[in-house]
Structure formats: structure tokens, C-alpha cells
Amino acid sequence: MNNKAKFERYAALLTEWSGRMNLVAPSTLTDIETRHFADSAQLADILPTDVRIVDLGSGAGFPGVVLAILGWNVTCIESIGKKTAFLNAVKDDLGLPNLTVYHGRVEDYVRTLPRRPADVVFTARAFAPLIKILDYVARTKCRLFLLKGREIESEIATAQTKYKFDYKLTPSKTGDGYLIQIENIR
């Protein structure tokens, strides 16, 4: 199955499963390609190719599953069982051996990682405020590539009351949010 077919099948699964559970806002199902796929895929323009991705609070698989379809090795972390079942169904249906689904809490998974794993980066979309994400991952010293909303400046200011870090903001190509790259967390 080529990537186009995988994205078409992913959209069909998302629509089907969303009828049974709250995976995404119903209003976004009419524009899955832009609202979810293209939004997530814009990380591919800035992500290093030689890394393993750990997607925090994956929900319906954004951006984790999209990045797995595009070729990255991805671990999606999700604590809600029905969402984990959806992610596993997508993995199996699309034949994604490079996708791992972890059913559990972000903080429990992150505790299993060594400090400074050079080949791991974190991603997230619509997961938690920046300071909370940093609380989860700061000890690992990993880089973060996050899709955030238009309130990112205030999230950065709040996070900087507790953490120091280097960051780069890029306007989203699909909405009024931002992509933020974070490194050198201290």
C-alpha cells in the first residue's frame, strides 16, 4: 500500500471509529486531510531523519501516525484504552511495523528512557501546556518538536519561569498556530 492509499485508509478508519468514540472534534472530520494530516505532516520539514520519535498523548495519532506513514520510527503514547485500541487497529490495518503503541501514561514511559538518548525526539499536538510537557521530559534532555496554538508566546513565558531552553518558532502552514522546536532544556 503506498502512502496515498495509507492516508485514505487512515481517514476512513478515523471517520468510522469517531462515530463510536470521541477521537477528534466532529467538525474536523470534513477536512481530515488539511486539519489533521497536513497539520501533522508539516513537522516532516523540520524533523531530523535519523531519530526515533516519541509522540506524547497521541490520541487519534496526530502527529505520530502521520510521521510513521512518512517513514519515521514512532512510539505513540496514549493512556486511554479505546484510543490505544484505535492506534493499534490503524497500525495493523496500514501495515506499519515502524509504529509502536504504548498504553500508559507519558511520565511512566519517559521514566524508562535514559538521560540524553541522542536518537530520541518528542512530538506532541494538542496535548498539554508547554510547562507540563517540559515537566514530563526535561530530565531526558531530548529535543521537542511541538505543534502549538496561537497562545504559544504566553506558554513560553510561563515555562521560562521554571526552565531555560533554546527555541525556534515557525508559523503553521495550516492554521494560526506554530511549530516550536525546543532544545538545551535546563
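Within the structure, the ring pair (Phe, Tyr, Trp, His ring centres under 6.0 Å) test picks out the following pairs touching residues 66-96 (sequence neighbours left out): W17-F86.
Residues forming a ring-ring contact (aromatic ring centres under 6.0 Å, His included) with F62 (at least two apart in sequence, or on another chain): Y10, H36. Qualifying salt bridge (charged side-chain N to carboxylate O under 4.0 Å, His left out) partners for R105, counting only residues two or more places apart in sequence or in other chains: E107. By the ring-ring contact (aromatic ring centres under 6.0 Å, His included) test, F7 is found to be paired with F37, residues two or more places apart in sequence or in another chain being considered. Among residues two or more places apart in sequence or in another chain, the side chain to side chain contact (heavy atoms under 4.5 Å, CB included) test is passed with K164 by R186. By the side chain to side chain contact (heavy atoms under 4.5 Å, CB included) test, S154 pairs with no residue at all, sequence neighbours left out. For E33, there are no salt bridge (charged side-chain N to carboxylate O under 4.0 Å, His left out) partners two or more places apart in sequence or in a different chain. Partners of S18 under the side chain to side chain contact (heavy atoms under 4.5 Å, CB included) rule, at least two apart in sequence or in another chain, are L14, L23, V24, L29. Residues that satisfy the salt bridge (charged side-chain N to carboxylate O under 4.0 Å, His left out) test with D108, not counting sequence neighbours, are R111. With sequence neighbours left out, the side chain to side chain contact (heavy atoms under 4.5 Å, CB included) criterion links A138 to Y163, I185. Evaluation of the salt bridge (charged side-chain N to carboxylate O under 4.0 Å, His left out) rule for D50 yields no partner, not counting sequence neighbours.
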Sequence neighbours left out, cut at 3.5 Å: what donor-acceptor pairs do the side chains of residues 145-153 make with other protein atoms?
residue, atom, partner, partner atom, Å
K148, NZ, A128, O, 2.7
K148, NZ, E155, OE1, 2.8
R150, NH1, D176, OD1, 3.3
R150, NH1, D176, OD2, 2.4

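By the 4.0 Å N-to-carboxylate-O rule, D55 lies too far from R125 to be salt-bridged with it.
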Evaluate the side-chain contact (heavy atoms from CB on, under 4.5 Å) criterion for residues L67 and T123: first the C-alpha distance (whole Å), next the side-chain angles of each, then the deciding distance (0.1 Å), finally the verdict. CA-CA 10 Å; L67 296 171; T123 62; 4.2 Å; yes
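In the displayed structure, K132 atom NZ is contacted under 6.0 Å by at most 12 heavy atoms of other residues, nucleotides or ligands.
No side-chain N or O of N98 forms a donor-acceptor pair with one of N73 less than 3.5 Å apart.
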